[in-house]
Amino acid sequence: MAIQVIDQRLFVLHTAHTTYAFGLNDKGLLWHLYYGQRLTRTEDLLWQLNHLPSVPHHGRDTAMLEFSAAGCLQNKETSLHVVHKDGTRDFRYALTNISVAEDTLTVTLTDEPYALAVDLIYRVWEAHDIIERQVRVRNAGADTVEIRRLFSCELTLPGDGWQVMNVSGMWSLEQQVHVDAVTYGKKVWESRLGTSGFSAQPWFAAWQQADEMQGEVYFGALAYTGSFKVAAECVPYHYLNVVMGLNDYEFALPLEAGESFTSPKAYLGYTSEGLGGMSRRMHAFAHDCLMPQQRRDETLPVLYNSWFSTEFDVFGDDQKKLAEKAAEIGVELFVIDDGWFGQRHHDRAGLGDWYVNPDKFPKGLQDLIDHVHGLGMQFGLWIEPEMVNPDSDLFRAHPDWVYQYNNRAIITGRNQYALNLTRPDVVDHLIKTFDELLSSYTIDYIKWDMNRFLAETLQADGSHGTVWHEHSRGFIRLAQELRRRHPNMSFEACAGGGARVNFETLEIFDQFWPSDNTNPLDRCRIQEGYSMIHPPKYMRAWVTDGRLPLALRACSAMCGALGIGVDLNKYTAEELEEMRTAVAQYKEIRHVIQFGKLYRLRSLREHGLQVWQYVKDDEAVVITLVQHAAEALPIIRLEGLQADARYQVGEGEKAYCVSGAFLMQRGIRTAGNRDLNGTVLRIRKVEDNHE
Ligand code: DGJ
């Protein structure tokens with residue numbers, strides 16, 4: 001049974017390989033008891049619950065609480081902070097209800113004098129080894145309560161010496177992996193800019209002794225695209241307290257009598273198979289349980305996008321010629337990026353005016369689309385719904401639709417203002433505008449961009465306590481509604497690169513644009529951070545122009561969903577042929593890359609050499625990128641094969657057949673001794689009699 005409730009006070013959640021337990025002690029406090037490898041004897045957990053250290057009153061940092069609230073002698077970062085009308089600012093509860101419905105346990109804690117209830121909600125994703133958590137606050141009292149903080153989960157991990165991982169970055173250098181020792185105090189990763197952003201990402205990993213291949217790792221991801229906060233705190237009483245949720249920065253939500261507020265979802269996991277095991281679990285969970293179902297099993301097409309070569313100079317006839325060349329090299333999806341609409345000749349004008357520029361497309365957009373379809377490719381279009389340029393008809397017509405302060409000039413980011421998506425009329429206008437656009441043309445794919453963060457988040461009535469959160473809900477409503485109305489369209493999430501890569505966007509979009517940086521070596525580092533929890537299928541990667549060898553550029557882009565962003569007009573017949581070969585090669589291996597299990601065998605960050613292996617059913621693909629070749633490249637052990645099966649390694653004359661055991665115990669030499677090289681090696685299971 002996935003959920004066990006014992007004596008109305010011990011709660012045990014089992015997944016295929018893990019157990020999570022918490023319980024009520026003799027003082028009525030909910031303690032976290034255990035998270036780790038699956039335990040079968042629940043009597044042991046009951047014994048633990050009956051032998052907890054004694055804690056006076058309603059808290060104290062000494063207690064490894066399952067749910068903590070500010071104000072109860074707690075110094076650590078707590079999950080809840082409420083302010084009652086009479087000035088009371090803590091939460092003292094009794095356990096008032098327990099409900100189990102299929103895979104979900106809800107434990108209700110109530111602060112009786114105020115009739116304020118907190119529902120701790122646990123959904124068990126048994127086969128995927130994930131515990132989903134959410135917290136709901138319900139105000140059954142007569143007065144308004146102000147919620148100043150409500151995190152989605154709290155996790156206490158016993159012991160000292162914890163290492164934690166997150167990724168930091170900036171525009172064009174996203175997802176840089178960082179590992180820190182939390183020896184004392186706390187490590188906070190957050191966004192205060194209205195979207196998950198570049199600086200940190202809404203997830204964490206924590207371990208005491210682990211590496212890529214082995215060891216116990218705890219991890220969690222927040223399904224939230226707005227400002228978030230993750231804090232990992234070394235509490236002096238020998239445990240790590242991790243909280244994660246929407247950011248409490250400027251958060252103040254008045255919860256009226258009878259209202260409730262539910263936190264975003266958090267997904268928690270544990271593995272004993274190191275960081276690689278964490279990634280594979282999260283990739284499988286994302287694919288099987290979160291990605292939009294109508295497209296998750298579809299192979300992503302090879303796309304072409306001319307942004308890096310033409311920028312805003314997109315003209316119908318030129319794009320037709322590019323489309324012809326793209327079709328010749330095997331491209332399957334042709335995308336028009338920024339610059340096709342309004343007076344968008346540069347980034348200083350036009351955003352908000354979503355009509356096709358008649359000078360750039362004198363025969364209309366459908367003429368180009370028909371041409372692209374006629375060449376056997378799908379057609380894609382770039383949009384940036386949430387923004388306006390000051391120089392736009394939309395802003396001139398509705399200057400009050402953007403965030404602003406009364407007595408200040410409005411701050412610009414990439415020469416644009418942010419529309420106030422907390423206003424239902426603004427979101428309704430955007431739904432209508434983009435629904436009309438997407439209905440007027442036979443578009444197959446949308447690249448949805450967003451190029452500035454929020455500031456001046458103020459409502460017309462002067463309030464601001466919920467604006468950051470409400471803005472992100474406006475974006476979600478807009479995206480969900482367009483998706484609902486256009487179910488056959490594929491959607492890519494881009495935000496000036498990777499500022500919107502998170503597990504909430506992942507539930508609505510079909511792929512991400514992780515970065516504007518397409519330098520293959522930088523990109524490897526970005527992709528490594530990205531791949532920690534996000535699936536390779538979601539990782540759009542383009543081959544662009546550059547001085548580094550094509551083999552390196554192509555191999556780096558083949559690690560995810562391949563795209564081409566080179567200036568095809570400048571390519572010689574020979575170079576086009578080279579590109580065609582790379583595209584054809586990718587098409588042969590992409591089912592393994594987009595749907596297989598990823599093993600990061602070597603990291604460019606640590607070894608000057610990246611070796612990624614993907615395994616799907618009876619096949620494996622090993623992509624190697626060499627930055628500085630050593631005299632002899634190391635022998636690398638493969639992973640995830642069947643020990644007793646035989647595999648053909650490579651193709652053509654140099655191919656050889658050996659057992660899975662040999663490949664995993666002895667290993668292979670991956671690539672030739674050449675600097676700045678990239679290679680693809682295919683490994684396929686063969687019948688026993690095959691020589
Ligand atoms: C930022 C994106 O990351 C780029 O790929 C491109 O779409 C530009 N915006 C267009 O303005």
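We count ligands from 1, going down the list as the structure has it; atoms in each ligand are counted the same way.
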**OP:** Verify ring pair (Phe, Tyr, Trp, His ring centres under 6.0 Å) between W354 and F434, making sure each step is shown before the conclusion.
**Re:** CA-CA 8 Å; W354 299 105; F434 286 96; 5.2 Å; yes

Original post:
Do the charged groups of R553 and E575 touch, with an N to O distance under 4.0 Å?
Top reply: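 Salt bridge: no.
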
**OP:** For the pair R396 and D391, find out whether any cationic side-chain nitrogen is under 4.0 Å from an anionic carboxylate oxygen.
**Re:** yes

Subject >> Identity and separation of the nearest protein heavy atom to atom 3 (O) of ligand 1 >> reply: D516 OD1, 2.5 Å

Subject >> Distance from atom 7 (O) of ligand 1 to nearest protein heavy atom, with residue and atom >> reply: D337 OD1, 2.7 Å

Closer than 4.0 Å to some heavy atom of [X] - which atoms of ligand 1 meet that?
X: C494; value: 2 (C), 3 (O)
X: D338; value: 10 (C), 11 (O)
X: G497; value: 3 (O)
X: G496; value: 1 (C), 3 (O)

Original post:
Can you check whether V427's main-chain N or O pairs, donor with acceptor, with R477's side chain at less than 3.5 Å?
Top reply: no

At under 4.0 Å between heavy atoms, which part of [X] makes contact with ligand 1: side chain, backbone, both or neither?
X: D347; answer: neither
X: R414; answer: side chain
X: K447; answer: side chain

Heavy-atom check, side chain of [X] versus side chain of [Y], under 4.5 Å:
X: I533; Y: W203; result: yes
X: Y417; Y: T412; result: yes
X: E492; Y: I446; result: no
X: F453; Y: T195; result: yes

May I ask you to check if ligand 1 and [X] share an N or O to N or O distance below 3.5 Å?
X: F312; value: no
X: W542; value: no
X: D449; value: yes

Original post:
At the 4.0 Å heavy-atom cut-off, does E311 count as touching ligand 1?
Top reply: no

**OP:** Would you check, one step at a time, whether the test salt bridge (Lys or Arg N to Asp or Glu O under 4.0 Å) holds for E324 with K320?
**Re:** CA-CA 6 Å; E324 284 157 21; K320 276 187 185 173; over 6 Å; no

